[in-house]
Amino acid sequence: MKNKLIAEIFKDIAEILEIKGENFFKIRAYEKAAQSIESLSDDIEIFVNRDTLKDINGIGKDLEEKIREIVSTGKLKYLEELKKDIPEGLIEMLNVPGIGPKTAKLLYEKLDIQDVVMLERMAHAGKIKDLPGMGKKTEENILTGIDLFKKGRERLDLKTATDVAYNIITQLKKLKEVKNINPAGSLRRMKETVRDIDILISSNKPQEIMDAFTELPEVKDTIAKGLTKSSVLTKDNIQVDLRVVDELSYGAALMYFTGSKEHNIKLRQLAIKRGLKLNEYGIFKGEKKIAGKTEEEMYKILDLLYIEPELREDKGEFEASLKDTLPDLIKIEDIKGDLHMHSTWSDGGSSIEEMILKSRELGYEYVAITDHSQGLKIAGGLNVHELDLKRKEIEKLNKKYKDIKILFGTEVDIDSEGNLDYPDNVLREMDIVVAAIHAGFKQSVAIITKRIISACQNKYVNIIAHPTGRLWGSRNEYDIDFGEVFKAARDTNTALEINSFPQRLDLNDINTRMAKEAGVKIVINTDSHIAQHLEMMKFGVAVARRAWLEKKDVLNTMSFSNLKLKGK
DNA sequence: GCCGTTTTCGGCCCGACTGTTTTCAGTCG
């Protein structure tokens, strides 16, 4: 599967061409092609073999050749050549806020600055302010940008972003000048990580709002302040952008600031085709505004059905909207139970009863208590004797709480050879079996794939948990052959998990969508280790929505009587 | 570099804010 590699190569090319000052539209062509290939749900080699590369949006004669070269050799001569002209550090410099291709080029040509380290040194030495078009203020901004770059190289996880955004929204909501307020940007699209936080307000008193915003107690620095747009940096170095528009433009602005960029470009192209102009204030026919108050009317004028924010990535939502085949996305209320959680029996921090009380609060019909298995000593895995005691406790609780069904389960370890950590006669006695990999992450694709497939083939395994093992910020996902895993999961009626933990979100949106298309059943779990964690379910549901999942695609939207777990 | 129900050549999304400029380029989203 070389889709990702090709997309990365095209993106690198685009960045180098930017610095070289190449034709803007040529650069866009590479970016667009990268985006197209990234969002393909099939292996690019299928297109190569069928000779249908040109059917992919944004791929013409030239890029077709380049794709063929990458698929057969694993690299691209053109990129290798380009890299000779431009030091690698220069590309990294583009990630410093305030440094764009033109500035990077200028700094490289005039001062031979080749990376962020040199950039910082020159700025400190006061060498930059004397360059043409630069000045004292720019030099200071570059230094601030470098600080941001160093601290903020990582993106925020969805939970942190949600917490920060709603804290600010709650405070601003109290202002009487605020009419409407919403999160926008990638947070509203519920991307798994968010770089900065966008908030949109409608009001006819923007000055008061901007003043209040920049004076919030969380704010450390004001980066920009105007009447329609202000940006601040919080004490935790999180950038928050606030836009204020009048009420008649709120829908247009919400649409525009929600993005994605690719979705917006497509919207504007559709407007142009109809002889209209679309911007953040509305849709215009000549001088006359014909829509703008709500997103719904904006889409309607473009002959589109309303598109949910999570789908706005230009990954097929326009075509589906035109054909009326948009999915009826799963909602948090559809979730009837959580099938992966821990208790004090293994490495959890809450008792089974505490987990049950919280689950009842969330309105669940059933839950599964799936503590670790015996081999996972570090996580307090249960031996067979302890399993018996735990089962008795669950039986007791099932009698005490008649309104929720408590399943006796385990998260059984898949060892480095692909064997399960309990024998079949133990697994057979469980109400539900979740299997997962906890070690051997560095094995080859073939071996890890085989381990997962053999777990699927066990007739008592119902779910594969966190299938790619990534822990955002500390561990990359391990490579698996998704095609093979999906096939095995589908054929053995094994569900693949979306783990709702903000550091996991595994499967991610792209893999989940591929799994759905391959006919695999998905289950959304929290993997909670304390009762509070059960609330993370909304983040897993967000991944599912971004993956176009409907209620029927997800195992734990079924009522208990319809669960139909294999081996039971 | 791609693409075509105005076009196989000449287009390719749009506007706010900043800083260094006397009218605008660069960056960002």
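When reading the values below, keep in mind they use all heavy atoms of this one structure, side chains included, and skip hydrogens, waters and symmetry mates. In the text below, chain A, chain B and the rest are named by the order of the sequence lines, each starting its count at 1.
Nucleic acid contact for A:Lys136: sugar-phosphate only, since backbone atoms but no base atoms lie under 4.0 Å from a heavy atom of the residue. Within the nucleic acid shown, A:Asn141 comes within 4.0 Å of sugar-phosphate atoms alone, with no base atom in reach, counting heavy atoms only. Within 4.0 Å (heavy atoms only), A:Lys225 reaches sugar-phosphate atoms of the nucleic acid but no base atom. The residue A:Tyr281 sits close only to the backbone: its heavy atoms come under 4.0 Å of sugar-phosphate atoms, none of a base.
Aromatic ring centres of A:His533 and A:Phe501: separated by under 6.0 Å.
A salt bridge links A:Lys266 to A:Asp314: one of the charged nitrogens lies within less than 4.0 Å of a carboxylate oxygen.
In this structure, A:Lys179 is not positioned above the aromatic face of A:Tyr250 in the sense of NZ or CZ being under 6.0 Å from the six-membered ring centre and within 45° of the axis.
B:dT6 and B:dG11 are spaced 12 Å apart, taking the C1' atom of each and rounding to whole Å. Separation of the P atoms belonging to B:dC2 and B:dT7 is 22 Å when rounded to the nearest angstrom. Remark: the separation of the C1' atoms in B:dC3 and B:dT8 is 9 Å, to the nearest Å. Distance check on atom P: B:dG10 versus B:dG19 gives 41 Å, rounded to whole Å. Taking the P atom of each, B:dT21 and B:dG26 are spaced 13 Å apart, rounded to whole Å. On the C1' atoms, B:dC12 is 22 Å away from B:dA16, given to the nearest whole Å. On the P atoms, B:dT20 is 16 Å away from B:dC28, given to the nearest whole Å.
Using a 4.0 Å cut-off, no side-chain N or O of A:Thr138 falls inside it from OP1 or OP2 of B:dT18. Put simply, A:Asn264 has no side-chain N or O that comes within less than 4.0 Å of OP1 or OP2 on B:dC13. Contact check, A:Tyr30 against B:dC12: no side-chain N or O comes under 4.0 Å of OP1 or OP2.
One finds the CZ atom of A:Phe482 at 10.0 Å from the CD1 atom of A:Ile510 (value rounded to the nearest 0.5 Å).
Summarising the geometry, the separation between CG on A:Leu276 and P on B:dC14 is reported as 12 Å, rounded to the nearest angstrom. Following rounding to the nearest Å, A:Glu140 (CD) and B:dG19 (P) show an atom-to-atom distance of 9 Å. Rounded to a whole Å, the CD atom of A:Glu139 is 14 Å from the P atom of B:dG19. Whole-Å rounding puts the A:Asn23 CG to B:dG11 C1' distance at 11 Å. Distance A:Phe284 CZ to B:dC14 C1': 12 Å, rounded to the nearest Å. For A:Leu267 and B:dC13, the CG to P distance is 13 Å, given to the nearest whole Å. Atom-to-atom, CZ of A:Phe24 to P of B:dG11 comes out at 16 Å; the value is rounded to the nearest Å. In this structure, A:Lys277 places its NZ atom 13 Å from P of B:dC12, rounding to the nearest Å.
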Find every protein N or O atom lying less than 3.5 Å from an N or O atom of nucleotides 25-29 of chain B, and list the pairs.
{"residue": "B:dG26", "atom": "O3'", "partner": "A:Thr103", "partner atom": "OG1", "Å": "3.3"}
{"residue": "B:dT27", "atom": "OP1", "partner": "A:Gly100", "partner atom": "N", "Å": "2.8"}
{"residue": "B:dT27", "atom": "OP1", "partner": "A:Gly100", "partner atom": "O", "Å": "3.2"}
{"residue": "B:dT27", "atom": "OP1", "partner": "A:Thr103", "partner atom": "N", "Å": "2.8"}
{"residue": "B:dT27", "atom": "OP1", "partner": "A:Thr103", "partner atom": "OG1", "Å": "2.3"}
{"residue": "B:dT27", "atom": "OP2", "partner": "A:Lys102", "partner atom": "N", "Å": "3.2"}
{"residue": "B:dC28", "atom": "OP1", "partner": "A:Gly98", "partner atom": "N", "Å": "2.4"}
{"residue": "B:dG29", "atom": "OP1", "partner": "A:Asp196", "partner atom": "OD2", "Å": "3.3"}
{"residue": "B:dG29", "atom": "N2", "partner": "A:Tyr256", "partner atom": "OH", "Å": "2.1"}
{"residue": "B:dG29", "atom": "N3", "partner": "A:Tyr256", "partner atom": "OH", "Å": "3.1"}

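Between A:His263 and A:Phe318, the angle of the ring planes stays under 30°, which puts this pair in the parallel group of the 30/60° scheme.
Between A:Lys173 and A:Ile181, the closest heavy-atom pair is CG-CG2, 3.7 Å.
No donor-acceptor distance shorter than 3.5 angstrom exists from the side chain of A:Asn182 to the backbone of A:Ala184, with no hydrogens or angles considered. In this structure, A:Glu139 contributes its side chain and A:Lys129 its backbone to a donor-acceptor pair below 3.5 Å. In this structure, A:Glu317 contributes its side chain and A:Lys315 its backbone to a donor-acceptor pair below 3.5 Å. A donor-acceptor pair under 3.5 Å links the side-chain atoms of A:Arg545 to the main chain of A:Ile330, judged by distance alone.
Across the strands present, B:dC9 finds its partner in B:dG4; the criterion is a Watson-Crick or G-U wobble pair with both atom distances under 3.5 angstrom.
Inspection of the A:Asp157 and A:Thr193 side chains reveals no N or O donor paired with an N or O acceptor under 3.5 Å.
Heavy-atom nearest nucleotides on DNA chain B were determined for A:Ile223 and for A:Phe25, and the one closer to the 5' end corresponds to A:Phe25. Residue whose closest nucleotide on DNA chain B sits further toward the 5' end, between A:Ile265 and A:Leu227: A:Ile265.
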**Request:** Could you run through nucleotides 2-8 of chain B and give me one letter per nucleotide, 5' to 3': B if any protein heavy atom sits under 4.0 Å from the base, S if only the sugar-phosphate is that close, - if neither?
**Result:** SS-----
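Looking at the side chain of A:Thr228, the nearest of the listed nucleotides B:dT18, B:dC12, B:dA16 is B:dA16.
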